[in-house]
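Just so you know, these numbers come straight off a predicted model, no measurement behind them. Residue numbering restarts at 1 for every chain, and letters A, B, ... go by the order of the sequence lines.
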Amino acid sequence: MRRYIGWSISVVLMVALLLSTTACVTEPLPGTFVDDLGRTVNIEKMPQRIISLAPSNTEILYALGLEDKVVGVTEYCNYPEAAKAKPKIGGFTTVDIERVVSLEPDVIVAASIHQKTVIPALEEVGLTVLALAPKTLDRVLANISLVGEITGQSREATRLVTSLEERIKAITDKTKALTEAERPRVLYLTWHDPLWTVGPGTLTDDLIDKAGGKNIAYDISGHKTIDLETVIARNPQVIVVLTGHGEARDLPFYYVKDEPRLGATEAVIGGRVHQVDADIFGRATPRMVDGLEQLAKFIHPELFGEQERWH
Amino acid sequence: MALNLLKAITIPVPKATPAYPLRWRSRLYGIAGLALLLGVVIVIASAVGSTQIPISSIWGVLLSRLPFIDITPAWLPTTETIIIDIRLPRVLLAGVVGAALAVAGATYQGLFRNPLADPYLIGVAQGAALGAVVGFLLPWSVVGFALIPVLAFIGALLAVAVVYSIARVGKTLPVTTLILAGVALGAFLASITSYLMIISGDKLHGIISWLMGRFSLGNWEQVWMVMPYIVIGVVVIWLYARPLNVMQLDEEQAQQLGINVERVKLILLVAATLITAAAVCFVGTIGFVGIIVPHAVRLVWGPDHRFLLPLTTLAGASLLILADTAARTVLAPTEIPVGVITAFFGAPFFLYLLRQRKRAIF
Amino acid sequence: MFSLRVCGVTLGYGDRIVLRDIDLEVKPGEMVGIIGPNGCGKSTLIRGITRLITPRSGQIFINGQNIAKMSRGDLARVIAVVPQNPVLPELFTAFEVVLMGRTPHLSRFGYEGERDLAITQRAMEVTQTIAFAQRRVGELSGGEKQRLTIARALAQQPEVILLDEPTAHLDINHQLETLDLIRELCLEQGLVAVSATHDLNLAAQYCDRLVMLSRERIYCQGTPRQVINPDNIKQVYGAEVYVYPHPVNRLPATLIVSGRNRPDHHKLD
């Protein structure tokens, strides 16, 4: 009898414990969060209907298992495949406010380009907007956690972030200690006419640094042009070219290979000109870590192995 | 005929009379001065850039290119590439384009007797822009980009051809109708271009770059390709300087003085359009040079086209070279679009000139 | 010897006919005046002779040659025109504008030489315009511009000079000077002058012959005495005037009288 009572008390306790922990996870506390644009965002209840205004945000939402709650995406949201079937609310800068409102979202996940016009317009009709604009890889991971917290997917988020951090660590462990001399000079091109590159203050620059390279556009902040003269003078050893979309995708890459004046750079001589996918490098998503791994292989094949050529 | 051409180009200087003092002299000095300035500007522009190169290397590189001079290189191969393959063609391209736009502007101002005329007045810019944007949006092969300048060139010429055929009345070409037709067609083409830009997706910033104008990838190939059109067009226009003077009277008077007005109009129109189309097809539509340089030259040296045209050619070349040099050095290693520089400095300078001489400018 | 013949010429613009069947012959050394009310076709006739408009019918002959077959340059070497309100570019100097009159005599891509400058200078001296030769046209008065245009026509060294209201903006002294000059050139050098004018008195004093246009046709032509009389003027202009012989040379002087004193005056009621 005593053993029976003891056993049932433990069961009750265990059930109570279980109930309390699941209660913690299924009902998030209403909260106030600060997003990347410094805005205060009030979440009053767990969002059931979420709209994404950027392909990167869509990827994050799907990665956290929120596909059932996503009710609107942009025309450019092409990953994962399932996202293409969701209702469209416009393009990148051309957001159809009416459409967004008609879908009755609980929260809208925006990006930095929406800052000037789209976000104020949405706020004016009383919608809740969360803006994600990470400038470093760490911030990308923090945003994944933030979205997880807001949507009650903290566990998923933590799992995802942890695995990403492990992969990142696998790379930075080897590259953190590299001296400047051991870092190859890298040129990252987004367009060729004129030459557009990225400098400090951007995600890609952060990736290059973590991958153990030295960005030759070290004195250009943000996403700007660089002149041909500087490129030749700084003699990059690795050139990474972003592919475009649609029919122009390979143009910058072919330009780099064909331009006779770049022929004397170490990168072209050594055949170290690589193409990367804009969907991976241009978006602040978990796949960015894939990009980091690719970069690491381009820049330090001796440490990370050869990356098979991507065409 | 050849003798006449020679006489046409070497301007004779008659004896001064009290009624006709030798303003010729100050104008000839002006030509010599501007030519010298252009030479200096070319050298300075080649010497300056986002990369610091010592003067001795620059001289060495340039001299070593001359035949019979043998200098063992004391400089890096990249230095030679920078000077010979990047800066020099870019500077020359800027000079040629600047000269073309300035002369075309002066010609249109003379043809239309309108101080607001610029090389883009009758649809050249809009036609070129549409051609370029279509080129951007076509499906690509590796040849791809080479098509854009061709399409821009064709677009510019086609636009003017359409405007010409709309404005023509029988055998005459009334200039007012030409301007109106040009403005109307230009607006129409611009609207199509805008729509195409909206659906261009991620090629948009490439298109915008083209529209603002840039010399970033200027190379020798581009220089050789546009030179023939521009040189021929400019020379033709220079030859018609005197008839252009007479056409500053109204058309009836010019006809009564024996000028074949319709033929002169057509020849000048074709020449000016040709040089503008060649100027913009590679580098995009750069503004301000075509309207400001002729006015500035006219303010200083007078309206006689025999001097105005050569002076404008030299001044336009120098101006655009300087503007492009500023565009690539001020915020080095990033570049400012050259059209921004021409507007930013051109407009206030022109206002300054206007204030200096407070009388009629046209 | 120079000759100008207008044979059965009809001129018009678009649908509108302005002059029909005009026959006119001018002899060397003659100064012919074209008179008539506004819109009767004086300017049109001048435009027709300089081939700015093509006759609907009829031909015009200069020195026996049909002007329709002459090149523009040839025509310009023979005919000079002084238009009524010419547009002159403001920034050019007066001298440069008169120098433009030498255009028909220069080769296609040629430039002006010493002789051209000398001719221009002389043309400006005789028209009293040399004083402002170096001033920009934009600064000149209407009368100065008119004399300038006449100087330019003279610099062209034409055989016939067509003038459209050449004295309209001039002070009376300049009117006399200009017409004296032209008359002298006609008499001494065989220049032919055809002048369209409003001023009946000047026309009478200076012209050898007058051609009066009215209602699309030549109403009458002849010497001033034959043409200017109160009946003709009443018919053509619809105005009551008095014509008396000029005290000095007996040429018809047209005198007007203000409304109250005229027999046909209607009192305002």
Side-chain angles (χ1 to χ4, degrees), chain B residues 1-21 23-24 110 113 115 170-171 236 238-264 298-299 301-306 308 357 359-362, chain C residues 46-47 50-52 71-77 79-83 85-118 120-121 124-125 129-134 136-139 149 152-153 156 162:
Chain B
M1 177 67 182
L3 191 59
N4 279 340
L5 275 178
L6 190 61
K7 274 205 240 168
I9 300 176
T10 57
I11 304 161
V13 182
K15 250 197 338 250
T17 68
Y20 199 43
R23 284 177 83 187
W24 292 62
R113 291 185 288 281
K171 283 200 201 151
V236 166
W238 281 14
L239 287 177
Y240 276 86
R242 193 172 49 74
L244 197 50
N245 276 346
V246 179
M247 282 180 59
Q248 300 310 302
L249 308 167
D250 60 38
E251 288 191 13
E252 282 196 356
Q253 292 177 67
Q255 268 184 318
Q256 285 163 341
L257 283 171
I259 303 274
N260 189 338
V261 168
E262 293 306 320
R263 189 162 59 140
V264 170
R298 204 179 284 115
L299 272 178
W301 282 291
D304 188 342
H305 288 88
R306 285 172 290 185
L308 183 69
R357 292 161 188 261
R359 56 171 181 223
I361 62 157
F362 197 74
Chain C
I46 290 183
R47 285 223 186 94
T50 57
R51 219 176 75 190
L52 282 177
S71 77
R72 223 163 242 306
D74 287 334
L75 203 59
R77 278 183 273 277
I79 303 184
V81 183
V82 180
N85 286 313
V87 164
L88 296 177
E90 306 221 327
L91 283 188
F92 282 89
T93 62
F95 192 90
E96 286 169 336
V97 169
V98 177
L99 193 56
M100 286 185 193
R102 295 300 304 158
T103 307
H105 300 277
L106 300 174
S107 63
R108 162 103 66 112
F109 296 124
Y111 287 93
E112 300 93 6
E114 302 286 347
R115 186 161 170 272
D116 300 300
L117 292 183
T120 306
Q121 174 127 1
M124 290 185 87
E125 281 167 2
T129 50
I130 198 75
F132 46 84
Q134 275 311 299
R136 296 192 170 204
V137 166
E139 300 164 16
T149 320
R152 190 184 76 204
Q156 241 177 298
L162 304 176

### Query
About how many Å separate CZ of B:R306 and CD of C:E112, when rounded to the nearest 0.5 Å?
4.5 Å
### Query
Using non-hydrogen atoms only, which part of C:P86 is less than 4.5 Å away from chain B: side chain, backbone, both, or neither?
both
### Query
In Å and rounded to the nearest 0.5 Å, what is the CD to OG1 distance from B:Q253 to C:T149?
7.0 Å
### Query
If you round to the nearest 0.5 Å, how far is CZ of B:R242 from CE of C:M100?
10.5 Å
### Query
What distance separates B:Q256 CD from C:L52 CG, expressed to the nearest 0.5 Å?
4.5 Å
### Contact class of C:R77 relative to chain B, heavy atoms under 4.5 angstrom
neither
### Query
Is it the backbone or the side chain of C:L75 that comes under 4.5 Å from a heavy atom of chain B, or both, or neither?
neither
### Message
Give me the atom names and distance for the closest heavy-atom approach of C:F92 to B:D304.
### Response
CE2-CA, 4.0 Å
### Message
So, taking the atom named CZ in C:R47 and the one named CD in B:E252, what distance separates them when rounded to the nearest 0.5 Å?
### Response
4.0 Å
#### Entry: side chain to side chain contact (heavy atoms under 4.5 Å, CB included) between B:L249 and C:L88, intermediate numbers included
CA-CA 5 Å; B:L249 308 167; C:L88 296 177; 3.7 Å; yes
#### Entry: OG1-CG distance between C:T50 and B:L257, expressed to the nearest 0.5 angstrom
11.0 Å
